[in-house]
Amino acid sequence: MLELRALSFRRAGRVVLDGIDLRIGAGEFVGLLGPNGVGKTTLLRAALGLIPVQGHSSLAALPVHERARAAAYMPQGRQIAWPMPVEALVALGRIAHPRAAGLDDRAAIERAIAALHLEPLRHRRATELSGGEQARTLIARALAQETPLLIADEPIAGLDPAAQIEVMRLFRHLADQGRGVLASLHDLGLAARHCTRLILLGQGRIAADGPPETVLTAENLARIFGITAHLTHGPGGLLFQPLDTIPRD
Amino acid sequence: MTQSRYSLTIAGLVALVAVLFLASLLTGPAAMGAGQSLAALFGRGDEMLVLIMRELRLPRAILGLFVGAALGMSGAVMQGFLRNPLAEPGLIGTSASASLGAVLAIHTGLSAAWALALPVAALAGAALSVVLVLMLAGPRGGALALILAGIAISALAGACTSLVLNLSPNPFAANEIVFWMLGSLADRSMLHVWIAAPLMALGFAALWPTRRALEALTLGEDAAASVGVHMGRLRLMLIAGIAALIGGATAVAGSVGFVGLVVPHVLRRAVDASPARLVPASALGGAAVVLAADIAVRVIAPGRDLKLGVLTALVGAPFFLHLILKTRREGL
C-alpha cells in the first residue's frame, strides 16, 4: 500500500529524514511514534508527496487524482476555514471520487458520520464545535474518502478518553477489514493496545519497527524518549504507564 | 443545506438580475415609455429611439452585467482560495496594473487618437501583471508568495499611476485620468461589449472548474492536495481567470471598488458558507449590485455624471462596517 525507499529530506541544511525505508501492507494499523520535532509530520507529508524529497515513495509517484483514491490524509493542523455544516465538511472527502454516483457518495458520507457518531452534530456549523468535535469531523472526512490507506497526523490529540479509544478501535477495525492505517501518535499506552505495529522514529531514522512488545522496551523508551515506564502484560495486551524522565547529561 | 434551498437562492438572484437588467434598459435621460423602449430595442418605432436603445442603453446594461459578475465571481474565488473573507480580486495586482495601462493611454493621448487604445492598454497592463506575479510567486502553489507578489505589483503600479498624474502636462489631462479612475459605465458602446465579452468568457471558463478545489481548500492546502487538488494548476487557472475578468472589467469600466469584497461576504450565509456555491451566487450578486448602482447614479444625479465607482465605495464601505459589527456581535 505504501512503500518508501531511501527517503531523505533536508530543511535549511538540517537533515530531517535520513534514508527511511518502509513498507506498509494491507491489514496493518501502524503507529508512528517519536518525540516532538523528530520528523513524524515531515515523514507523513513526504510519503504523500506534499513536499519535495529525495528517494522514492509509491504514493508520491502517483498522479494527484490517483493518489487521492489510494490514500486519505488528515493533517495535524485542523483547519476549517468557513462555517460550513458538519455534513458538508465530511462530504469534502468525496471530492477524491469525481466520477462516483451520487448514491455512492451519500452512502460513504453516512457511513463516515455513523462511524464517528456525528449524527447529532451533522447540521451544526463546524467552526462552532469544540476542538475534539472538530477532530472527529475531520477524521470522518478522511474516512468518507474510502481509500485503501488512511494516513492521519495525531488524529486523537485533544479527544476525550472515550473518543480516543473509539477512534483507535475504529482504525484497528479498518485494518482488520484489510485496509491500512498509518497514524502518528503521542499516547504510547493507546498505541501499545490498539496498533498492530509500531514505528519509532529517532533523529530522522527508524529506531525500532515491529509489534508493540518489541518496540516499547525500557531500552528504547530511555534512548528515544528519555523516560522510564512501567510495562506489563495485561488481559488486552501490553500495558504502558510512563513514570519519570531520565536526566540527560 | 439542502440542494433545493440553494436552487431557490440562485433562482432568486437570477430573477433579481433580470429585473435590474430590464430597469437599467429603461433608465435614462430620454423620456420614453417602457413599451416604446422595448419595441425600439427590437428595431421598431422611431429611428432615434432605436439608436438610443441599441447603441447606448443596451451596451450599458450588458456591461453592468459583465462587470458586476466579473467582480463578484473573482471576489468569491479569491476569498475561497485564500480562505480569508477580507481577500478581494485586486490582491493579485491586476486592477492596479490595468489602471496604469489605461492611464498611460490617456496621458500619451493615444486614447484620444484611437478609441480602442484605452481598453487595449489596460489589458496589456493586466497581462503584464500576470507574467510578473507568476515570476515572483515561484513554481509551488503557496498562497502567501502569491499575495506578497500581488501586493508588490499593486504598489508599483499605483506608484507609476501617481507618477503619471504628477507629470501630467495640464490640469485637464489630470482631470481626465482621475475621472476615468473613478469607474463608470456611461457612454460605452457595443464596441466595449465586444472587447469585454471574450475576456469574460475566458475568465468564466477558467474559474468555473475551480469550485471543487475551493471547497476542498476549506481544510487547508495539504488536505486539499490529498483529495486530488493540483495546487500548482489551481493557482495558474485562478490567476489567468481573475486577470481576464478583472482586466476586462477595468478596461471597459475603470476601477469599481468594494463589489468583489462585499458581495461574497453578504452572500456567504445564504449558501451555508460553501466556497463552491458562493461562486455562482456571488457572480449573480455582483451583477445585481453593479446594475443597481448604475441605475442609481442615473436616477440620483441625472445631470452631474456621478461615477459608478464612487457610489459602490460610498455604499459599500458603511455596509462593510455593518458586517464587521455583526460578525463581532456573533463572536466569530
Side-chain angles (χ1 to χ4, degrees), chain A residues 41 44-45 47-52 59-60 62-99 102 122-128 134 137-138 141-142 144-145 147 149-153, chain B residues 1-3 5-6 76 78-87 138-143 209-235 264-265 267-279 282 326-327 330-332:
Chain A
T41 297
L44 298 181
R45 296 183 70 212
L48 280 156
L50 298 174
I51 46 174
L59 280 177
L62 293 175
V64 172
H65 60 279
E66 275 178 40
R67 183 187 67 199
R69 291 191 284 274
Y73 174 53
M74 178 197 171
Q76 186 178 14
R78 290 169 187 169
Q79 298 189 37
I80 300 176
W82 306 111
M84 283 161 74
V86 166
E87 205 178 8
L89 274 188
V90 175
L92 294 181
R94 302 306 297 171
I95 290 177
H97 303 271
R99 281 180 232 294
R122 67 192 305 156
H123 297 300
R124 293 265 302 277
R125 289 198 189 109
T127 44
E128 291 168 2
Q134 289 184 347
T137 303
L138 295 177
R141 192 283 300 168
Q145 207 167 329
T147 49
L149 180 65
L150 173 64
I151 297 178
D153 200 350
Chain B
M1 148 160 131
T2 55
Q3 183 69 34
R5 212 182 101 206
Y6 170 63
M78 206 65 192
Q79 293 187 1
F81 178 66
L82 297 176
R83 286 158 282 150
N84 189 330
L86 292 177
R140 290 190 74 82
T210 66
R211 289 171 305 136
R212 275 167 93 89
L214 296 178
E215 195 90 347
L217 269 175
T218 304
L219 303 174
E221 292 185 7
D222 273 2
S226 76
V227 293
V229 173
H230 199 299
M231 285 302 293
R233 195 179 302 160
L234 170 67
R235 199 178 60 171
H265 213 76
L267 290 170
R268 183 160 288 119
R269 252 161 212 281
V271 295
D272 261 355
S274 157
R277 289 175 166 182
L278 190 57
V279 172
S282 194
K326 207 171 111 192
T327 312
E330 284 166 4
L332 290 172

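Residue numbers begin at 1 in each chain, while the letters A, B, ... track the order of the sequences.
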Review point. Which pair of heavy atoms, one from B:A225 and one from A:L50, lies closest together, and at what distance?
Key: CB-CD2, 3.5 Å

Exercise for review: Output all residues satisfying salt bridge (Lys or Arg N to Asp or Glu O under 4.0 Å) with B:R268, sequence neighbours left out; order by chain, then residue number.
Suggested key: none

Check your understanding: Non-hydrogen atoms of chain B under 4.5 Å away: do they reach the side chain of A:R45, the backbone, both or neither?
Key -> side chain

Revision key, fill the gap. Of the listed B:A213, B:G80, B:G228, the one with the largest count of heavy-atom pairs under 4.5 Å with chain A is B:G228

**Study point:** chain B contact via A:P98 - side chain, backbone, both or neither, heavy atoms under 4.5 Å
**Key:** both

Review point. Does any non-hydrogen side-chain atom of B:P85 lie less than 4.5 Å from one of A:W82?
Key: yes

**Study point:** Note, A:R141 side chain near B:V227 side chain (heavy atom, < 4.5 Å)
**Key:** yes

Revision key, fill the gap. Taken to the nearest 0.5 Å, the spacing of A:L92 CG from B:R212 CZ works out to 10.0 Å

Review point. Could you give the distance from OG (B:S226) to CG (A:L59), rounded to the nearest 0.5 Å?
Key: 11.0 Å

Study note, to complete from the structure: Applying salt bridge (Lys or Arg N to Asp or Glu O under 4.0 Å) to A:R94 and not counting sequence neighbours gives A:D105

Check your understanding: Which one, A:A72, A:A70, A:A96, leads in non-hydrogen pairs under 4.5 Å with chain B?
Key -> A:A96

Exercise for review: Report the distance from atom CD of A:Q79 to atom CD of B:E221, rounding to the nearest 0.5 Å.
Suggested key: 8.0 Å

Check your understanding: Where does A:A71 contact chain B at under 4.5 Å (heavy atoms): side chain, backbone, both or neither?
Key -> backbone

Revision key, fill the gap. Greatest number of non-hydrogen atom pairs under 4.5 angstrom with chain B, of A:M74, A:R78, A:Q145, A:E66, falls to A:Q145

